[in-house]
Number of protein chains: 2
Amino acid sequence: MALRHAVLAALLDGEYSGYQLAKVFDIGVANFWHALPQQLYLELAKLEKEGMVAGRQVIQETRPNKRLFKVTAEGLAELTRWAASAAKPSFIRDDLMVKVQAADRIPAGPVLEQLDERVRVADAKIEVLAKLLARLRGELDEDAFLREGEHVGPYLTCLRGLRFEREHRDWCVLAASVLRAREVACTPAT
Amino acid sequence: MALRHAVLAALLDGEYSGYQLAKVFDIGVANFWHALPQQLYLELAKLEKEGMVAGRQVIQETRPNKRLFKVTAEGLAELTRWAASAAKPSFIRDDLMVKVQAADRIPAGPVLEQLDERVRVADAKIEVLAKLLARLRGELDEDAFLREGEHVGPYLTCLRGLRFEREHRDWCVLAASVLRAREVACTPAT
DNA sequence: ATTCTCATGTAACCGGTTACATGATTCT
DNA sequence: AGAATCATGTAACCGGTTACATGAGAAT
């Protein structure tokens, strides 16, 4: 049951509405925990009822009103307790890798297209993350920020996200080129 | 609903019993799809009822009897159909990264221990995967195998697993050292 | 003796995904 | 006029996890 803790960890950054939290999850938090907006609204409601987060209404004139949430002392205590308990091993779940596993026994064409598409998506994400990291570290360079900067937590997780995406990208490129070379080798010119 | 397809993809390698499949999932397939033995027995039963896999009883004298499964023509057709449909984006879900995200606001000690433990686990997995890859490629070197070898699918997915574990390991080492340096900096000698 | 490996399942529960639902404002 | 953004939820379903259950032979 880590979604609640991912929400608490994300809210340590500052106050967010459900809508803003969904945005944050999409870029920063998605590197280690993926969640849909509906889940977040539900989880925020639960956490508020349990006193882990406190919401306050913000009246807006040009936009619909919203509720901003922040972590309470009790929420921080819960997060601390949970952080000290054993973490489950992480795992990847990736449809496309299932397809690559089978790619030498089934038509490779559609899989190749999906690999190419993944490369494009990964490139876009790499760019977004690189910019986010630059913003987080401000004027400091990376080493200095990791030594002295505030909020290294989010920086470290984004760094992992960036490395993951790069690695993912490179692998997709490799897999596609390997499968393409073999396809050509098996398909004599007509 | 990719578990069934992960099972089909894994069974392309040859015939496996539920028990053997669980082993295969633990080393090779776990790189892209994690599943517990119970799930596999259940999924095999479903797939058999639908005619996607065919089981045959093997009577053993020194060991309990077992049932070996292989993919049917219909199973292969289903896998082909599915492989051509759009893949969902992959995502990581990792408790420990949630903890790192919060590590500069909560006690870092327990998180550091878990990072160290992850490094040990990752090292072990890297070794296992390196050996598995060597076994898969046989006498060929990597380039030659990727060009001419059989079953590049499983090789490619294991390669991704290996790279993932290496990257994961390196990040854990970095994160731990960064957090340790800051802990020391914040905790003046007594 | 005890632990490990081989071998196969069932049942309850819960977290996550999909689908549904609404409505105002700003931008193109 | 239509699309995108801001803003917040409910409800059904299903896949995955946890817990439960059994039993024999091989290895230490």
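Per chain, numbering begins at 1; letters A, B, ... match sequence-line order. Basis for what follows: all heavy atoms, side chains included, without hydrogens, waters or symmetry-related copies.
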Item to complete: Round to a whole Å and report the spacing from CG of L36(B) to C1' of dT8(C).
Response: 15 Å
Worksheet item: Between Y155(A) and F145(A), how do the two ring planes meet: parallel, tilted or perpendicular, split at 30° and 60°?
Response: tilted
Fill in: Side chain of Q38(A) - closest among dC6(C), dT17(C), dA19(C)
dA19(C)
Worksheet entry | Given DNA chain C, 5'-ward residue of the pair E61(A) and H34(A), judged by closest heavy atom | H34(A)
Worksheet item: Tell me: CG of L3(A) to C1' of dG16(D), nearest whole Å?
Response: 16 Å
Practice prompt. Kindly determine whether R118(B) and D123(B) satisfy salt bridge (charged side-chain N to carboxylate O under 4.0 Å, His left out), including the steps that lead there.
Written response: CA-CA 8 Å; R118(B) 273 290 175 87; D123(B) 277 332; over 6 Å; no
Worksheet entry | Rounded distance (Å) that lies between atom P of dG16(D) and atom CZ of R4(B) | 11 Å
Worksheet entry | Spacing of I59(B) atom CD1 relative to dC6(C) atom C1', expressed in whole Å | 16 Å
Worksheet item: For the pair made of CZ in R93(B) and P in dG15(C), what is the distance, rounded to whole Å?
Response: 12 Å
Item to complete: Give the nucleotide from the list dT8(C), dG15(D), dG16(C) with an atom nearest to the side chain of K66(B).
Response: dT8(C)
Practice prompt. Determine, for R166(A) against E167(B), whether the closest basic-nitrogen to carboxylate-oxygen distance falls under 4.0 angstrom.
Written response: no
Item to complete: Evaluate the side-chain proximity of E15(B) to Q20(B): yes if any heavy-atom separation is below 4.5 Å, no if none is.
Response: no
Item to complete: Can you tell me the distance, in whole Å, between the CG atom of L40(A) and the P atom of dT10(D)?
Response: 14 Å
Worksheet item: Reckon K23(A) has a side-chain N or O less than 4.0 Å from the OP1 or OP2 of dC6(D)?
Response: yes
Practice prompt. Identify, residue by residue, the members of residues 41-58 of chain A with a heavy atom below 4.0 Å from DNA chain C, and return them in order of residue number, or none.
Written response: none
Worksheet item: Where the side chain of S17(A) is defined as all heavy atoms beyond and including C-beta, which of dG16(D), dT10(C), dT8(D) is the nearest nucleotide?
Response: dT8(D)
Worksheet item: Which residue, K70(B), R67(B), R56(B), forms the salt bridge (charged side-chain N to carboxylate O under 4.0 Å, His left out) with E48(B)?
Response: R67(B)
Item to complete: Specify the separation, in whole Å, of atom CD of Q39(B) and atom P of dG15(D).
Response: 11 Å
Worksheet item: Out of dT26(C), dC6(D), dT17(D), which has the shortest distance to the side chain of T62(A)?
Response: dT26(C)
Worksheet item: When you check the phosphate oxygens OP1 and OP2 of dT8(C), does a side-chain N or O of Y19(B) lie under 4.0 Å from one of them?
Response: no
Fill in: Test: R120(A) and E117(A) ion pair at under 4.0 Å
yes
Worksheet, complete the sentence: Among the nucleotides dG15(D), dC6(C), dA7(D), whichever has the atom closest to the side chain of P64(B) is dC6(C)
Item to complete: Let me know the distance between CZ of F91(B) and P of dG16(D), rounded to the nearest Å.
Response: 10 Å
Worksheet item: If you count the non-hydrogen atoms of other residues, nucleotides and ligands that lie under 6.0 Å from CD in E142(B), is the total more than 12?
Response: yes
Worksheet item: Where the side chain of R63(A) is concerned, which of dC6(D), dC20(D), dT8(D) is the nearest nucleotide?
Response: dC6(D)
Worksheet item: Thinking salt bridges, do E78(B) and R4(B) make one under a 4.0 Å N-O criterion?
Response: no
Worksheet, complete the sentence: Of P37(B) and K88(B), the one whose closest nucleotide on DNA chain C sits nearer the 5' end is P37(B)
